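Everything on this sheet refers to the single structure shown next.
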There are 2 protein chains.
Amino acid sequence: MPTVKKLPRPAAKTVRPSALQAESLRQTRREHASETAEDYVEAIADLAASQGEARVVDLARRLGVTHVTVNRTLARLQREGYVRVQPYRAIFLTDSGRVLAADCHHRHGIVVAFLCSLGIPEKAAEIDAEGIEHHVSPATLAAFARQLKANKP
Amino acid sequence: MPTVKKLPRPAAKTVRPSALQAESLRQTRREHASETAEDYVEAIADLAASQGEARVVDLARRLGVTHVTVNRTLARLQREGYVRVQPYRAIFLTDSGRVLAADCHHRHGIVVAFLCSLGIPEKAAEIDAEGIEHHVSPATLAAFARQLKANKP
DNA sequence: TTCAAAGTGTAGCCAAAGCTACATTATGTA
DNA sequence: TACATAATGTAGCTTTGGCTACACTTTGAA
Ligand SMILES: [Mn+2]
Ligand SMILES: [Mn+2]
Ligand SMILES: [Mn+2]
Ligand SMILES: [Mn+2]
């Protein structure tokens, strides 16, 4: 063996417990797994409200991806029971899709308003919120809402 | 053609401009693309500080994945210039890896402290922060820090 | 009524990240 | 010094979500 000295490990200061960080990262991955569904149903509900119906091209434009990606994702969302799709027809939310969309819309609004209340410009708040929203637990959402109400009487 | 009436599209209320939402989602996807690198280098720096060195098993435990996933990701991070790895040796950060780790550590601390300052329990704050941190723009991070300083004189 | 343009669908490519199963190397202890 | 065990590496599978290229269907205007 070459002369590679093996220092004894210095008494593990445990800056942050491994178990908690591992659990946090697992939770973050779970949130990312539902993120696409959330953004899609919210966009579909928005389009249905503003345009009367949601079509593949509209979704693609709004989500910043190609229509191919939209198509494949819609197939998955149908499999998971959030939407109903038929070839060459508009896209419709199921009941559970509508519920999810409403929840996400509500949460999105609170996150944006909260960031704005900190002095962040509308547009920047909108950009950050699109990512942050999926990692805001019910407790944190409640804290945001509480803070908003306290600052705006 | 079957009798499917085509209503004229009601005057597009444009709840949220498609362009802004598309750009927000693109930004979120970019952030997700760098997220793994950020969490890894931060974990490696933490382990090096607390244990003296970072080994594959330690990383796997701390990140909540198998050692296989750690190995493949480390190969990518080496390709991207954040780490140096040698078979059966400890993992080392490059200069740019150390810089990234320091930035992320700093940002992580501010996000956790900010959430705690809203009354969210430490553990919940830690969990939410692990996901939120990657979507906090410099402007928003500054707002968090400002708020913290204002509330803790 | 025709037909070009717009919309939609599909085949097949890629990379990232997760995994299990198994092979190989180091290490500490008997 | 052996050798069992822990650590590490690798082969190969899966899912998700990007993409281009091309084919098919609808739709509206000439
Ligand atoms: Mn979002
Ligand atoms: Mn993180
Ligand atoms: Mn972190
Ligand atoms: Mn995220």
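This structure is a prediction, so every number in the text was calculated from the model and none was measured. Naming: A, B, ... by sequence-line order, numbering from 1 per chain. Values below: every heavy atom of this structure, side chains too, minus hydrogens, waters and symmetry copies.
- Side chain A:Arg72 to base D:dG18: a donor-acceptor pair is found below 3.5 Å.
- Projected onto DNA chain C by closest heavy-atom contact, B:Glu80 and B:Gly64 fall at different nucleotides, the more 5' of which corresponds to B:Glu80.
- Side-chain proximity of A:Arg55 to D:dG17, D:dT20, C:dT8: nearest is C:dT8.
- Counting heavy atoms from C-beta on, the side chains of B:Thr73 and B:Leu77 come closer than 4.5 Å.
- Look at B:Thr69 and you won't find any side-chain N or O under 4.0 angstrom from OP1 or OP2 of C:dG18.
- Contact check, A:Thr36 against D:dT16: no side-chain N or O comes under 4.0 Å of OP1 or OP2.
- Distance A:Arg30 CZ to C:dG18 C1': 14 Å, rounded to the nearest Å.
- Taking atom CD of residue B:Glu35 and atom P of nucleotide C:dA15, one finds them 21 Å apart after rounding to whole Å.
- Between A:Leu25 atom CG and C:dA17 atom P there is a gap of 13 Å when expressed in whole angstrom units.
- The separation between A:Arg89 atom CZ and C:dG9 atom P is 11 Å, rounded to whole Å.
- Residue B:Asn71 is the one, among A:Val68 and B:Asn71, whose nearest nucleotide of DNA chain D lies closer to the 5' end (criterion: closest heavy atom).
- Between the CG atom of A:Asp58 and the C1' atom of C:dT8 there is a distance of 12 Å, rounded to whole Å.
- Close to C:dA15, at under 4.0 Å from its OP1 or OP2, lies no side-chain N or O of B:Arg79.
- Position along DNA chain C of the nearest nucleotide to A:Pro87 versus A:Arg29 favours A:Pro87 as the more 5'-ward residue.
- Surrounding NE2 of A:His32 are more than 12 heavy atoms belonging to other residues, nucleotides or ligands, all under 6.0 Å away.
- For C:dG7, its base never sits under 3.5 Å from the side chain of A:His67 at any donor and acceptor pair.
- Closest contact between the side chain of A:Val57 and the listed nucleotides D:dG9, C:dT8, C:dC19 involves C:dT8.
- With a 4.5 Å cut-off on side-chain heavy atoms, A:Glu38 and A:His108 do not count as touching.
- In this structure, B:Thr73 reaches neither bases nor backbone, as no heavy-atom distance under 4.0 Å exists between it and the strands shown.
- Look at CD on B:Gln86: it is 15 Å from C1' on C:dT25, rounded to the nearest Å.
- For A:Tyr88 and D:dT27, a side-chain-to-base donor-acceptor distance below 3.5 Å is absent, hydrogens and geometry of angles not being considered.
- Distance A:Leu74 CG to C:dT10 P: 12 Å, rounded to the nearest Å.
- When the C1' atom of D:dA7 is taken as reference, atom CD1 of B:Ile91 falls 11 Å away, rounded to whole Å.
- Annotation for A:Glu122: atom CD does not count as buried by contact number, only 12 or fewer foreign heavy atoms lying within 6.0 Å.
- Residue A:Arg29 qualifies as enclosed at atom CZ: its count of foreign heavy atoms under 6.0 Å is above 12.
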